[in-house]
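Data first, discussion second: the structure below is written as structure tokens.
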Amino acid sequence: MKNYISKSLTLLIISFTFFSCSKENININNNNQFSSGYFVTNEGNFGSGNGSLSYVDENNQVTNNVFSSINSFPLGDVVQSMSIINDNAYIVVNGSAKIEVATIDSLQYVTTINGFSGPRNILQVDVNKAYVSDWFSNTVQVIDLETNEITSAINCGQGPEALCVNDNLVYVCNIGGYSVDSTISIIDVYSDMLVSTLTVGDKPSGVVADINNDIWVLCSGATYYDANWNVESETQGKLVKISNGEIVSSFSFELGNHPKGLMINESKDVLYFNNGNFSTSIYSFNISNTTLPTNPIINRSFYKTALDNNYIYGTDAVDYVQNGWSYKYNLQGNLLDSVQVSVIPGNYCFN
Amino acid sequence: MKYIYIYIYCLSLFANLASAQILDTIILPEVTLVENKLSFENTGSKIKNFNHLRNLVFPSDNIGDFLQFNSSFYIKKYGALATPSFRGTSSSHTLILWEGIPLNSLSTGVFDFNLINSYSFDNLSVVKGGLSSLFGSGSLGATLYLKEDLNFIKKNIFKYSLDINNSGLNSNNISLNYSNDYFASSIYFRSTIDKNNFLFVNTSRPNNPIDTNSHALILSKEFKSNFAYKLNNKNFLNSSLWISKYDREIPVLMTNSFSNAKQYDDSYRYLINYSHKNSFIVFNFKNSLIIEDFVYTDTDLYSSYINKSFYSRLNVYKSLAKSTFELEFTFNNNHVNSSSLISQDINENNFFSFIKYKYLNKNLTINSCIRHELRKDLKVPIIPSLSAIYNLSKFNFSFLINRNFRVPTFNDKYWASSGSLGNVNLLSEESINYEFSISRSRNKLNYDLTFFSQNVDNWITWLPLQNGIWMPENIKNVWSRGLELNSYMSINKFLFNFNYSFTKTTNQTPINNLDNSFGKQLRYVPLNKCNFSIKYQMKDFELIYSVLYNGQVYTVSDQSNFLDDYLLNNFLIKYLKPKARFEYSFKVINLFNNSYQSYENYPNPRREFLLNIQFKLTKQ
């Protein structure tokens, strides 16, 4: 009988000691060491709270989980986007309905801004004021950057998403959340008042201002299905140009394409987007063009894209439950680098 | 006359109590019941039977709490949910059967383990590994078979039981059992308020403070009645009604500061069974209706469904000298009504049948079974199984090979909401499973050691399409293999129990050349899991010390992140003086105050204290 007991105990002990590795902590102590590279926000899996921040330095060295390593707590659920404002990093955590604020030189935790419903993007609109698009409240929340608190909310359309400021007006894309909206809201920065609402096209997803102070809105278009999973109806994607608060021209994409990821170059005269066909490749469009482009400059699909300093960046989330990748291209579409970041890399933040 | 029985019974019982003569509890001999022996026994699958489950658990224990300390199940707890994984399979690969009728949700394929209270059942059998040839869709990892226990022995028992703990639990249970030579019944009612305000170390906040779990209230009510009639020596009739109602606040993820989500699960389950037994043949004719009424609400979100499934089943059983035949036909109608699907109402009719043949001689049992299913818009392959069991002195060798499957759920096929779409072209998930086991039973030591290998193909995975819309596809191939050791031993007044499992479950199909998950352990499948308990029996007391070890689990498919392994220790002391009307139990859960997570960023309680008081009146 003793034999059996000892066998059982041995097995028990083996099983306890079998796998006992521990998580490594990354130590980052130097100040100002985030000034030369760029950040990637990794959404993480909805409902898991494993969103994170990756830092890629000028030598293309990646540090994953950079926020949680320094502050000893994770960012939270669905890290949506990040902006650098007044020497602070504002990291928008959509699922946790909060914004984490950290110093940009060392990423030390400063404070948490709560009170959102589903924050998407933060944009500085004045010295001490920022706007946050907030999905479920259908508002733009106004942040006092001195106190880092919400001071008021401005009603807009359904599911406010992308933001762009130009000439003291903020343009808000109402993408419709999981549903459909087709408007943009235009807000006056000084009064925080809604100036006008323009109907642009179904599911406006991106907005930028060009060199001539004209506003470009990319609408993805909507798809409706019938009971047999056939596409019942679709609306066309559109690229819309707004001048002085009015739509002056509109380009329609082929029916069935759902363009997304609107970007503009440094000199603000060429737009980039993926045109939403099957491979979701990236196309360029000069603001003086009169027709939509037909040949892509990058023939590859990405989860999200960004443009900075005349480089195009794109992410690949692989199976969405493992570390994803970030690719860097020049404007001619040549691949320069790729780095492995973290789970569901979504957006970029450049210094 | 009998239909008014319940009314009279309830009234008269309380009147009787005052003058009732209190008798000691006696262990009643098992009497063959209305149904024939469970047909999954001796099929080559390893089975663990938990009989008299109510004596093993606290009334407030849900089935997940019980199973993680007493079997190889890995239980993930997140939000209000608790879902199982067995032999590396997903939560929709454990099939829950109530008297043979599937309870897994038609919408999700999953049964939430927090929605079954282990105290509301007499018997639970865990059938390890898949046995789809008998049980049908969803039996890939394991099958839980819940069974009511009624017998025609004269008795009259009233029981009241109260559970309280230090996190705001208050659970009241009443049960009545009445039976005589031709009639048997049991009625059970439970009402539970569980605030779930336990303390935990919040590792997701600056400086890791100790927080209180909030927005976690569970209000639940359950009613169950079972009746059985012995019409004569050959004909039996039994019926069961089981209603449960759970209103739950969905607690917040550690990283989030608030939650508005609530979930309402109401279930209505009814079955009626007619049995006929004679020397030539046994047959059962069973009809059952299962209704799930589900509502989930959150800020700007309202999702609901009402699912109904109806089963009409004829089972014929013929026993010869050295062999038995079993034949079963089932008609099944499923109806789903949900605003989240592509059309509000979806209806399907299915037909299932199996034929089973068993050959028995002194040392050898051979079992073969073949299943055929006709389903709406879905081709299900023939599902066979073959096993052999050989006895050699005190050893038992068994070998099993079978095919198992799971059909896509209604959500997999027809979902259309929140940026996701179902896929009506999905195929069934299919597996080929091999098992070999050796078991030995002697008076004091019993053990069995099982080796298994199962390859699941067409594993359904939700992934986003190019346009960002999520859709399920038959993508993965998963290979699960490992071993399970189960043993128990009694020495004097001690009873030792030990279960260990090693489960290597890997993804065998990369989705593209970037995919780093190829050949790696699936997420949330521990390589090692074991539990161990010592029970010490004294005259009036019973002491149980139990330990659970869960190995580390990966939270991502490329193994770049994981949750630490953890140990949980529970201690139970029971005071059960013979002939006493009262019985007291006291349990310390998580004795050493360990902080652990079974799902990333969801809190679990630190040390908790649970007290149970039971009052029993017995008349024979």
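Residue numbering restarts at 1 for every chain, and letters A, B, ... go by the order of the sequence lines. All values below come from the heavy atoms of this structure, side chains included, with hydrogens, waters and symmetry mates left out. Being a predicted model, the structure only gives us computed values, none of them experimental.
Both the backbone and the side chain of A/Phe136 have a heavy atom closer than 4.5 Å to some heavy atom of chain B. Within the 4.5 angstrom heavy-atom criterion, only side-chain atoms of B/Asn208, from C-beta onward, approach chain A. When heavy atoms are compared at a cutoff of 4.5 Å, A/Phe116 approaches chain B solely by way of its backbone atoms N, CA, C and O. With a 4.5 angstrom heavy-atom cutoff, B/Tyr602 touches chain A only via side-chain atoms.
Using a 4.5 Å cut-off on side-chain heavy atoms (C-beta onward), B/Asn516 and A/Gln340 make contact. Using a 4.5 Å cut-off on side-chain heavy atoms (C-beta onward), B/Leu514 and A/Asp316 make contact. Within the 4.5 Å cutoff, no side-chain heavy atoms of A/Phe73 are placed close to those of B/Thr203. For the pair B/Pro206 and A/Asn71, the minimum side-chain heavy-atom distance is 4.5 Å or more. Looking at heavy atoms from C-beta onward, B/Trp462 lies out of side-chain contact with A/Tyr320 at the 4.5 angstrom threshold.
When the shell of 6.0 Å around CG of B/Asn512 is examined, it contains more than 12 heavy atoms from other residues, nucleotides or ligands. Surrounding CZ of A/Phe46 are at most 12 heavy atoms belonging to other residues, nucleotides or ligands under 6.0 Å away. For OH of B/Tyr545, the number of neighbouring non-hydrogen atoms (other residues, nucleotides, ligands) closer than 6.0 Å is greater than 12.
For the side-chain contact (heavy atoms from CB on, under 4.5 Å) with B/Ser557, the qualifying choice from A/Asn323, A/Val343, A/Asp319 is A/Asp319, the only one to do so.
Among A/Ser137, A/Ser96, A/Ala97, the residue with the largest count of heavy-atom pairs under 4.5 Å with chain B is A/Ser96. The choice from B/Pro510, B/Ser517, B/Gly79, B/Gly551 that makes the most heavy-atom pairs within less than 4.5 Å of chain A is B/Ser517. If you tally non-hydrogen atom pairs under 4.5 Å between each of B/Asn601, B/Thr555, B/Ile346 and chain A, the highest count goes to B/Asn601.
Distance check, rounded to the nearest 0.5 Å: OG of A/Ser48 to CG of B/Leu253 gives 7.5 Å. Atom-to-atom distance recorded for B/Phe258:CZ and A/Ser117:OG is 7.0 Å, nearest 0.5 angstrom. How far CD of B/Gln559 is from CD of A/Gln322: 10.5 Å, rounded to the nearest 0.5 Å. The OG1 atom of A/Thr223 sits 5.5 Å away from the CD1 atom of B/Ile469 when rounded to the nearest 0.5 Å.
When only modelled atom types and interatomic distance are considered, B/Thr255 and A/Asp77 share no side-chain donor-acceptor pair under 3.5 Å.
Between A/Pro74 and B/Ser204 the shortest heavy-atom distance is CD-CA, 3.5 Å. A/Val318 and B/Ile511 get closest at one heavy-atom pair: O-CD1, 3.5 Å.
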